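I have placed the structure first, in the form of structure tokens, so that the comments after it can refer back to it.
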Amino acid sequence: MIYDLIELLAEKGQPNFFFDALDTALAARVGHRLLTLLYTDGDEVARVYSNMPDVYPVSGRKPMGVTPWGDLVLRGQQPFLGRDYEAVKWAFFDHELIASLGLGSAINIPVVYDGETIGTINLLHEEHFYEEKHVEIARKFAPLLIPAFLEARRISSASRA
């Protein structure tokens, strides 16, 4: 499945063509009700993909000040596994919105390139859905996002210049 995704990176229509295929692959191998992909941009993260764009729109941005979640995932480059709503509440300021969608567990996988966290894969599902085995599967997909996240960062920098 990962090799199929690697081959898709060469196809025209990137990155959306790849993001849709990644969404399908992650749904099949890990499971999710919400998938978002965020790249880091200075002190902010910006959303480049969402399977729920009405609730979590693409191009949505949020500041990432110093938080325990940021220390773990963005700075510590470690995945976050939130098995229940209390963990989701600890990690995310928008936990009430997450709960209103019937979501109560989360996995966040850092995408790391050249020693820097350049983005995250964010999977959410019903409470108690995720286990450590899901984290290990999801981690294998992270390197595939490096080209798309680097390009998103390049475009963002160019638009500010």
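Basis for what follows: all heavy atoms, side chains included, without hydrogens, waters or symmetry-related copies. All values derive from a computational prediction rather than experimental measurement.
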Between Ser105 and Glu126 the two heavy atoms that sit nearest each other are OG-O, 2.6 Å
Does Ile118 reach the side chain of Tyr39, with side-chain heavy atoms less than 4.5 Å apart?
-> no
All heavy atoms of Arg29 vs all of Phe141, minimum pair found to be CG-CZ, 4.2 Å
Tell me whether the centres of the aromatic rings in Trp90 and Phe80 are closer together than 6.0 Å.
-> yes
Phe149 vs Thr40 side-chain heavy atoms within contact, under 4.5 Å | no
Transitive ILVMFWY side-chain link Val48 to Leu9, under 4.5 Å | yes
Please name the residue in the list Arg153, Arg154, Arg61 that meets the salt bridge (Lys or Arg N to Asp or Glu O under 4.0 Å) test with Asp41.
-> Arg61
Step by step, would you call Leu145 with Leu37 a side-chain contact (heavy atoms from CB on, under 4.5 Å)?
-> CA-CA 9 Å; Leu145 286 161; Leu37 304 172; 3.9 Å; yes
Side chains of Glu151 and Pro15 in contact at under 4.5 Å (non-hydrogen atoms) = no
Do other residues, nucleotides or ligands put more than 12 heavy atoms under 6.0 Å from the OH atom of Tyr85?
-> yes
Passes side-chain contact (heavy atoms from CB on, under 4.5 Å), Leu35 versus Tyr49? Steps please.
-> CA-CA 8 Å; Leu35 168 66; Tyr49 181 84; 3.8 Å; yes
Heavy-atom closest pair, residues Pro110 and Thr120 | CA-CG2, 4.3 Å
How many angstroms lie between atom CZ of Arg83 and atom CD of Glu131, to the nearest 0.5 angstrom?
-> 7.0 Å
Is there a chain of hydrophobic side chains (I, L, V, M, F, W, Y, each step under 4.5 Å between heavy atoms) that links Ile2 to Leu26?
-> yes
How long is the gap from CG on Asn51 to CG on Leu22, to the nearest 0.5 Å?
-> 11.0 Å
Roughly how far apart are Ile107 CD1 and Glu132 CD, rounded to 0.5 Å?
-> 8.5 Å
Please walk me through it: do Leu74 and Trp69 pass side-chain contact (heavy atoms from CB on, under 4.5 Å)?
-> CA-CA 8 Å; Leu74 298 177; Trp69 179 90; 3.8 Å; yes
Exercise: identify the closest heavy-atom pair between Thr117 and Gln77 = OG1-CG, 3.0 Å
Please check if atom CD in Glu96 has more than 12 non-hydrogen atoms from other residues, nucleotides or ligands closer than 6.0 Å.
-> no
Using the rule that two of Ile, Leu, Val, Met, Phe, Trp, Tyr join whenever any of their side-chain heavy atoms come within less than 4.5 Å, decide whether Leu97 and Leu38 are in one cluster.
-> yes
Using the side chain to side chain donor-acceptor pair (under 3.5 Å) rule, take Thr36 and Asn122 through it: C-alpha gap first, then chi angles, then the decisive distance, then the call.
-> CA-CA 5 Å; Thr36 63; Asn122 312 292; 3.2 Å; yes
Shared ILVMFWY cluster between Val112 and Val73, side chains joined below 4.5 angstrom?
-> no
Identify whether Ile98 and Phe93 are in the same connected component of the hydrophobic contact network (ILVMFWY, side-chain heavy atoms under 4.5 Å).
-> no
Are Leu101 and Val55 close enough, and set up right, to give a side-chain contact (heavy atoms from CB on, under 4.5 Å), and what steps lead you there?
-> CA-CA 9 Å; Leu101 297 170; Val55 182; 3.9 Å; yes
Closest heavy-atom pair, Ala21 versus Leu8, reported as atoms and distance to 0.1 Å, is CB-CD1, 3.3 Å
Please state whether the rings of Phe129 and His125 are parallel, tilted or perpendicular, taking 30° and 60° as the class boundaries.
-> parallel
Considering all heavy atoms, the nearest Val30-Ala138 contact | CG2-N, 3.9 Å
Value rounded to 0.5 Å, distance of CD in Gln78 from CD1 in Ile109 = 10.0 Å
CG of Leu103 to CE of Met52, rounded to nearest 0.5 Å, is 5.5 Å
With distance as the sole test, does Arg139 use its side chain to make a donor-acceptor pair with the main-chain N or O of Pro79 at under 3.5 Å?
-> no
Nearest-0.5 Å distance, CD1 of residue Ile146 to OH of residue Tyr113 = 7.5 Å
